[in-house]
**Q** 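Take a look at the following structure, please.
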Amino acid sequence: MMQTLKNSQLVNNEINELIIPHEKVAHVHKNNPLNHALLVLIKSGYTAIPVLDHENKIQGQISKAQILDSILGLERIEMERLNEYVVEDVADPDIPTLQTDSTFGEALMRSINYPFLCIVDENGAFIGILTRRSILALMHRYFQQT
Ligand code: 2BA
């Protein structure tokens with residue numbers, strides 16, 4: 001079974017259908033003020049979401065924890081700093097990206113440390129995300145079949 005999974009290309013696999021497309025992914029732009037990012041995170045309910053630039057390229061991800069950490073003063077949470085920073089000041093720029101022809105094995109390995117993976121096209125433009133949930137769902141389906 002692992003051999004089948006290793007050899008399968010995302011593009012040829014049902015997993016391609018499991019990508020949550022760009023327009024359904026909650027995201028922020030790198031120049032957005034931090035208070036906007038916190039609003040999007042709270043409203044969407046997600047822990048972390050992708051950060052894009054104006055050319056639709058992935059710039060990293062931002063989480064509620066990073067935002068709270070960045071406004072933590074010595075004695076209190078300094079809410080006023082939410083207007084002083086922009087997303088790229090606090091976002092994590094080092095997140096892995098996959099292309100649609102990446103192997104399922106790569107996706108599986110990356111999802112060990114990352115709850116979602118950003119999928120980009122050949123020009124580096126953001127296509128959507130692959131969640132750990134969809135990767136596990138596909139694995140589960142394979143296990144049931146074998
Ligand atoms: P978390 O926000 O930490 O969410 C962890 C898991 O909790 C999700 O796993 C999902 O099973 C559930 N969950 C959380 N919020 C949900 C909601 N509003 N609706 C339905 N289920 C929800 P995954 O589905 O594997 O997602 C992994 C991570 O991918 C999420 O971590 C979040 O950081 C990101 N993510 C998922 N869908 C997203 C979307 N449409 N826009 C932006 N980010 C998304």
Side-chain angles (χ1 to χ4, degrees), residues 1-2 4-72 77-79 81-146:
M1 186 202 85
M2 275 318 287
T4 320
L5 287 175
K6 259 189 202 159
N7 294 338
S8 59
Q9 302 271 302
L10 291 184
V11 75
N12 296 326
N13 202 293
E14 307 104 283
I15 205 162
N16 207 28
E17 291 159 27
L18 298 177
I19 293 174
I20 300 175
H22 179 197
E23 59 276 11
K24 291 196 178 144
V25 177
H27 61 274
V28 286
H29 286 271
K30 65 173 189 170
N31 297 327
N32 286 153
L34 223 45
N35 57 7
H36 174 75
L38 188 57
L39 204 74
V40 175
L41 280 161
I42 292 171
K43 282 280 177 200
S44 66
Y46 296 118
T47 309
I49 53 175
V51 176
L52 301 179
D53 67 12
H54 288 293
E55 290 175 332
N56 208 27
K57 301 235 164 88
I58 283 288
Q59 298 296 314
Q61 69 167 38
I62 190 160
S63 68
K64 286 175 194 152
Q66 283 167 319
I67 295 180
L68 287 177
D69 194 47
S70 74
I71 61 169
L72 191 64
I77 292 179
E78 297 169 353
M79 297 299 280
R81 279 158 66 181
L82 285 175
N83 290 318
E84 292 167 15
Y85 295 134
V86 293
V87 165
E88 71 177 335
D89 296 332
V90 301
D92 176 6
D94 292 323
I95 59 164
T97 56
L98 291 180
Q99 296 205 326
T100 49
D101 61 353
S102 300
T103 61
F104 182 75
E106 268 179 86
L108 183 59
M109 187 190 68
R110 297 292 188 190
S111 73
I112 294 172
N113 289 325
Y114 293 89
F116 68 91
L117 303 166
C118 292
I119 315 290
V120 297
D121 71 13
E122 59 282 5
N123 302 314
F126 180 55
I127 292 179
I129 59 169
L130 194 58
T131 62
R132 194 180 271 165
R133 175 199 189 109
S134 62
I135 290 170
L136 286 174
L138 186 66
M139 291 282 290
H140 179 64
R141 219 157 40 192
Y142 270 94
F143 272 116
Q144 281 192 324
Q145 281 165 7
T146 52

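Whatever order the structure lists ligands and atoms in, that order sets their numbers, starting from 1.
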**Q** Where on H27 is there a heavy atom closer than 4.0 Å to ligand 1, on the side chain, on the backbone, on both, or on neither?
**A** neither
**Q** Closest by any non-hydrogen atom to atom 1 (P) of ligand 1: pick that one out of T47, V40, I129.
**A** T47
**Q** Output all residues satisfying side-chain contact (heavy atoms from CB on, under 4.5 Å) with K43, sequence neighbours left out; order by chain, then residue number.
**A** none
**Q** For ligand 1, which part of S134 has a heavy atom less than 4.0 Å away: the side chain, the backbone, both, or neither?
**A** neither
**Q** With atom 27 (C) of ligand 1 as the reference point, say which of P115, P50, S63 has the nearest heavy atom.
**A** P115
**Q** Look only at interatomic distance and state if A48 has a nitrogen or oxygen under 3.5 Å from any nitrogen or oxygen of ligand 1.
**A** yes
**Q** Could you work out, for atom 18 (N) of ligand 1, the closest of S44, G45, A26 by heavy-atom distance?
**A** S44
**Q** Keeping the roles fixed (side chain from S134, backbone from L130), state whether a donor-acceptor pair exists under 3.5 Å.
**A** no
**Q** Which atoms of ligand 1 sit under 4.0 Å from any heavy atom of R132?
**A** 25 (O)
**Q** Could you pull out all donor-acceptor pairs under 3.5 Å where a side-chain atom in residues 58-72 meets a protein atom, sequence neighbours excluded?
**A**
from, atom 1, to, atom 2, distance (Å)
Q59, NE2, D53, OD2, 3.0
S63, OG, Q66, N, 3.1
S63, OG, Q66, OE1, 3.2
K64, NZ, Y46, O, 3.3
Q66, OE1, S63, N, 2.8
S70, OG, I67, O, 2.8

**Q** Does some non-hydrogen atom of the protein lie less than 4.0 angstrom from atom 16 (C) of ligand 1?
**A** yes
**Q** Measure from the ring center of H36 to the ring center of H29 and say whether it is less than 6.0 Å.
**A** no
